[in-house]
There are 2 protein chains.
Amino acid sequence: MSVEPNYFQQYQHADIDELADVIGELLQNPITVEDADHKLIAYSSHGDSTDQARWSTIMGRRVPEKVLTRLWKDGVFQELLTQDDPVHIPAKDEVGLGKRVAIAIRRGSDVLGYIWAQEVNRPITREDDEILRQAARVAVSRLMQRQGKRKAEEQRRKEFLWELLLGNHKSESTIRQKADSLQMQLPTAYLICIIEAAGARLDQYLYPLLMRDKLLWVVDGSQIILLIGLDGSVKKDVREVLVRKVEQFLADSLGKLEAHVTEGRQVIAGYGLGYQSTYTEIVKSYREALHALKIKKLFPQENEGIYGYHELGIYRYLLQLKQWEAEQGYENERLEKLRQYDRDNQTAMLQTLETFLDAAGKVNVTASRLHIHINTLSYRLRRIEEIMRVDLENMNQRAALYLELKMAKLDQEQ
Amino acid sequence: MSVEPNYFQQYQHADIDELADVIGELLQNPITVEDADHKLIAYSSHGDSTDQARWSTIMGRRVPEKVLTRLWKDGVFQELLTQDDPVHIPAKDEVGLGKRVAIAIRRGSDVLGYIWAQEVNRPITREDDEILRQAARVAVSRLMQRQGKRKAEEQRRKEFLWELLLGNHKSESTIRQKADSLQMQLPTAYLICIIEAAGARLDQYLYPLLMRDKLLWVVDGSQIILLIGLDGSVKKDVREVLVRKVEQFLADSLGKLEAHVTEGRQVIAGYGLGYQSTYTEIVKSYREALHALKIKKLFPQENEGIYGYHELGIYRYLLQLKQWEAEQGYENERLEKLRQYDRDNQTAMLQTLETFLDAAGKVNVTASRLHIHINTLSYRLRRIEEIMRVDLENMNQRAALYLELKMAKLDQEQ
DNA sequence: AGTTCGTTTGTGGATTTTCACAAACAGAAG
DNA sequence: CTTCTGTTTGTGAAAATCCACAAACGAACT
């Protein structure tokens, strides 16, 4: 194996722009350097033979969204994030991206940024890879400095998000001011989503997804709290689009987390309602998300596959009702009667009733779930009506019983 | 017409016992005098040829319950209360009541008491009626004195009942003491019932019923508040017996009131839960009764024929929930969407949904109530599911929708 | 005028529900 | 042991539900 020359020995102390130029000269091709968030840091002034993607990146000071999306989708970033070597990327004309080579600038497992070398003047071969590897190493210290600043800023942003979540700001104008001063672009419509997984470094595992969707987030113990936002381009059915977005995110992330992280699948998630224009309502969405999470812990089966506060149905009211009942010192006589009957006669009337109600009054569904004959069910239902003195045909009574049954489960199960 | 002699001229100032003896001698038969509450006031010492009913009355200082019940049932009291003449009553052997004649002692329209003349030594004829009429007139002043005391006592009792209703007494023992000092026998189990009829003198119309059931009551504006009680003889299913008693009372009284008093049938009633042993819970039962009344005003159709707080079903929670929703600043998006659709397309989806839910999901019932084809209904339901993004087969969603619909009616109708 | 869209009504057949009635069974009480 | 009571299962017929598909209708739009 031949000893490789040290290409950047005399440029150890050059600034990042100079570095870009040096790499560009070595490879005889245009170079761009980006940070981990794909913001432009430096670019070579070499020539003007540049493709659409590079031009847009330089003009917008950031890689265009559609390019990023495409590269995520094609697995380019996944490669870059997991290996030290340069990745050779074929042209993707649909997004205006010419053929190029990229390498991650990393320190340990942290990715600080990327170097991109376009292939226009000459092809970049495997022999050039060492140039890029060395360039990436030299770039580390430059990006560290930047990252130091970035981290402090990031810290302030996270603190600000916490303030919003906890409702510390009372006026919309101060929120907008502070967001401006932190150079944060708050979405025009948003909702709060919480993912909880005991013992997992959530932000780490979700990093690619968080980056992909450009989300604001904070980590709180075993929870990660996400602000899912939409920009002003969506005009109608805003809430529905938000819900689709968060459901998509959850589909992506929960699958990944469950496979990746925990064996006992203690991954749960919940999200609040969507709000528009006003940022003081982030508190509400956050509390709603917490509520949804709480309910999902209390009634896991009942709310399987449900994450949104708006989908909770009666469970939205249940805790409040329960508390109110407790204050009133009310104890449900009818249900107690049925329980007593079950104890006395070793029957399962209560379970029968619950299954029946859960099945929305469909006899065949109920019977098959209970593995009993349909006439047995009809007999039991008649008995239940006698014992409890209720009319199960009456929707009011049915709904009330349903509520009371679920309330009773609250202090029964735990 | 012959001039009747003045039988009692020389006894104008005799006391009531002496009066009883005089009547007894005139009629040559045993006499008893009772107050309006059928408590024994005086009885002739004439002979000992006495039937079971009279004997029990004297021994118990009050007419036995079963005798009273029977006489009410047979319409004897109704006659006595409405006419000035003596009423001739045939023997009723089943309750140990021999043949006798009775007359009400009245002042204006107020009944102060009754004079009873048993027919054992000789028959009492139409000629004797004048004796009884005069006797009743002479007895008035004696009973007035008694009634004066009774009214003051009654007043104190009513005040005490108000204190109980409003929860002024915090301890059971002080309640029991005060009840003893007022010589009130509080029932061991009770519930509060309220009847409201605009512009009717409720206590007047209900007087016979109130007397029959020996109820405690107070009048408050257009409401009469009743304490329906049971004594200690009922041991099991106390609440059920209470409910039967109050339902019986309401069946009797509402029929009477609606026929008798108001044309526009603004007679409404409601009653609270039953409680035992503790009198501090009269407040609760009273509030529950008020709540039931309120709900019946807000949802008259939905609660037709329902009076008990325990029968209110979801309506028990509705006001509380509504208030909570308001506090949370929640506005129901899904329902609003449907309403919007109805406005845009001149359809009746909301009404369809409500009818469907009210019918507990039975399609044929729903369709016939709406006077539409069953397939039209099924089409509409499918559209509703699309528009609102709900699954009407799911009990949770169904119940939640039902609740929300009724809540929405609260601020919609009024 | 024709077209489109959302709605209503009709038909027919497979499936489910409802109801009444009978038989079998097990545990408790006499 | 028998008797009684509450429960489960079976049968069969009438009624109700569900589903797919077709046709008619009116209002809005071109």
Side-chain angles (χ1 to χ4, degrees), chain A residues 236-237 240 334-395 397-399 401-402, chain B residues 236-237 240 334-395 397-399 401-402:
Chain A
K236 57 171 186 156
D237 290 332
E240 234 172 280
R334 290 186 303 184
L335 280 181
E336 195 38 57
K337 231 172 198 164
L338 203 61
R339 259 196 287 268
Q340 188 59 48
Y341 188 89
D342 274 351
R343 274 193 296 270
D344 289 350
N345 303 54
Q346 314 246 22
T347 48
M349 295 298 185
L350 195 73
Q351 191 206 1
T352 306
L353 177 62
E354 184 174 6
T355 312
F356 177 73
L357 290 176
D358 280 337
K362 305 212 161 179
V363 260
N364 58 345
V365 176
T366 314
S368 69
R369 279 191 201 164
L370 289 169
H371 308 295
I372 58 173
H373 193 280
I374 217 166
N375 287 358
T376 304
L377 176 63
S378 109
Y379 169 76
R380 285 195 194 166
L381 291 175
R382 203 181 336 122
R383 293 290 290 119
I384 289 171
E385 287 186 323
E386 284 166 15
I387 296 164
M388 302 183 77
R389 304 280 173 115
V390 285
D391 175 13
L392 290 175
E393 300 297 281
N394 180 341
M395 181 58 176
Q397 307 231 26
R398 218 188 250 189
L401 263 187
Y402 184 63
Chain B
K236 54 170 191 157
D237 290 334
E240 233 173 281
R334 290 185 303 183
L335 280 180
E336 194 40 55
K337 229 171 200 166
L338 202 61
R339 260 196 286 269
Q340 189 58 48
Y341 188 89
D342 274 352
R343 274 194 295 270
D344 290 350
N345 303 54
Q346 313 247 20
T347 47
M349 294 298 184
L350 196 73
Q351 191 206 1
T352 306
L353 177 62
E354 184 175 5
T355 312
F356 176 73
L357 290 176
D358 279 338
K362 304 211 162 181
V363 264
N364 59 343
V365 177
T366 313
S368 70
R369 279 192 201 163
L370 289 169
H371 308 294
I372 57 173
H373 193 279
I374 220 169
N375 288 356
T376 305
L377 176 63
S378 108
Y379 170 75
R380 284 195 195 165
L381 291 175
R382 204 182 335 124
R383 293 290 290 117
I384 289 171
E385 287 186 324
E386 285 166 14
I387 296 163
M388 301 183 78
R389 304 280 174 115
V390 284
D391 175 13
L392 289 175
E393 300 297 281
N394 180 342
M395 181 60 177
Q397 307 231 25
R398 221 189 247 187
L401 262 186
Y402 185 63

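These values consider heavy atoms only, across backbone and side chains, with no hydrogens, waters or symmetry-generated copies. By convention in this document, chain letters (A, B, ...) are assigned in the order of the sequence lines, proteins followed by strands, and residues within each chain are numbered from 1.
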With a 4.0 Å limit, can you tell me whether Y379(A) has a side-chain N or O closer than that to the phosphate oxygens OP1/OP2 of dT8(D)?
no
Are OP1 or OP2 of dT7(C) and a side-chain N or O of R380(B) less than 4.0 angstrom apart?
no
Rounded to the nearest angstrom, tell me the gap between atom NE2 in H371(B) and atom C1' in dT8(C).
16 Å
Between T355(B) (side chain only) and Q351(B) (backbone N and O only), is there a donor and an acceptor less than 3.5 Å apart?
yes
Interatomic distance where CD belongs to E386(A) and P belongs to dT5(D) [whole Å]:
15 Å
Without decimals, in angstroms, what is the distance between R382(A) CZ and dT17(C) P?
17 Å
Could you list, one pair per line, each protein nitrogen or oxygen that sits under 3.5 Å from a nitrogen or oxygen of nucleotides 27-30 of chain D, together with the distance?
none

What is the distance, rounded to the nearest whole Å, between atom CD1 of I372(B) and atom C1' of dG10(C)?
15 Å
When you measure from the side chain of N345(B), which nucleotide among dT7(C), dT9(C), dT7(D) comes out closest?
dT7(C)
Among residues 349-367 of chain B, which residues get a heavy atom nearer than 4.0 Å to DNA chain D?
K362(B), V363(B), N364(B)
Can you tell me which residue pairs pass the salt bridge (charged side-chain N to carboxylate O under 4.0 Å, His left out) test with a partner in residues 343-354 of chain B, sequence neighbours excluded?
E336(B)-R343(B), E354(B)-K406(B), E354(B)-K409(B)
In whole Å, what is the span from the CZ atom of R383(A) to the C1' atom of dT7(D)?
9 Å
Is the shortest side-chain heavy-atom distance between T366(A) and D358(A) below 4.5 Å?
no
Between R380(A) and E385(A), is the closest basic N to carboxylate O distance under 4.0 Å?
no
Does a side-chain heavy-atom distance below 4.5 Å link L350(A) with I384(A)?
no
Protein and nucleotides 27-29 of chain C: nitrogen or oxygen contacts under 3.5 angstrom:
none

Salt bridge (charged side-chain N to carboxylate O under 4.0 Å, His left out) pairs touching residues 360-372 of chain A, sequence neighbours excluded, are K362(A)-E393(B)
Below 4.5 Å, heavy atoms only, C-beta onward: do R398(B) and M395(A) meet side chain to side chain?
yes
In whole angstroms, the gap separating C1' of dG6(D) from CG of D342(A) amounts to 14 Å
Categorize T347(B) for me: base, sugar-phosphate, or nothing, with a 4.0 angstrom heavy-atom threshold over every strand shown.
sugar-phosphate
To the nearest 0.5 Å, what is the distance between CD1 (I372(A)) and CG (L377(A))?
4.5 Å
Is any side-chain heavy atom of M388(A) closer than 4.5 Å to one of L401(A)?
yes
Name the pairs: protein N/O against N/O of nucleotides 10-12 of chain D, kept only if under 3.5 Å.
unit_1  : atom_1 : unit_2  : atom_2 : d
dG10(D) : N7     : N375(A) : ND2    : 3.1
dG10(D) : O6     : N375(A) : ND2    : 2.9
dT11(D) : O4     : N375(A) : ND2    : 2.8

Under a 3.5 Å threshold, yes or no: a donor from one side chain and an acceptor from the other, between R383(B) and Y341(B)?
yes
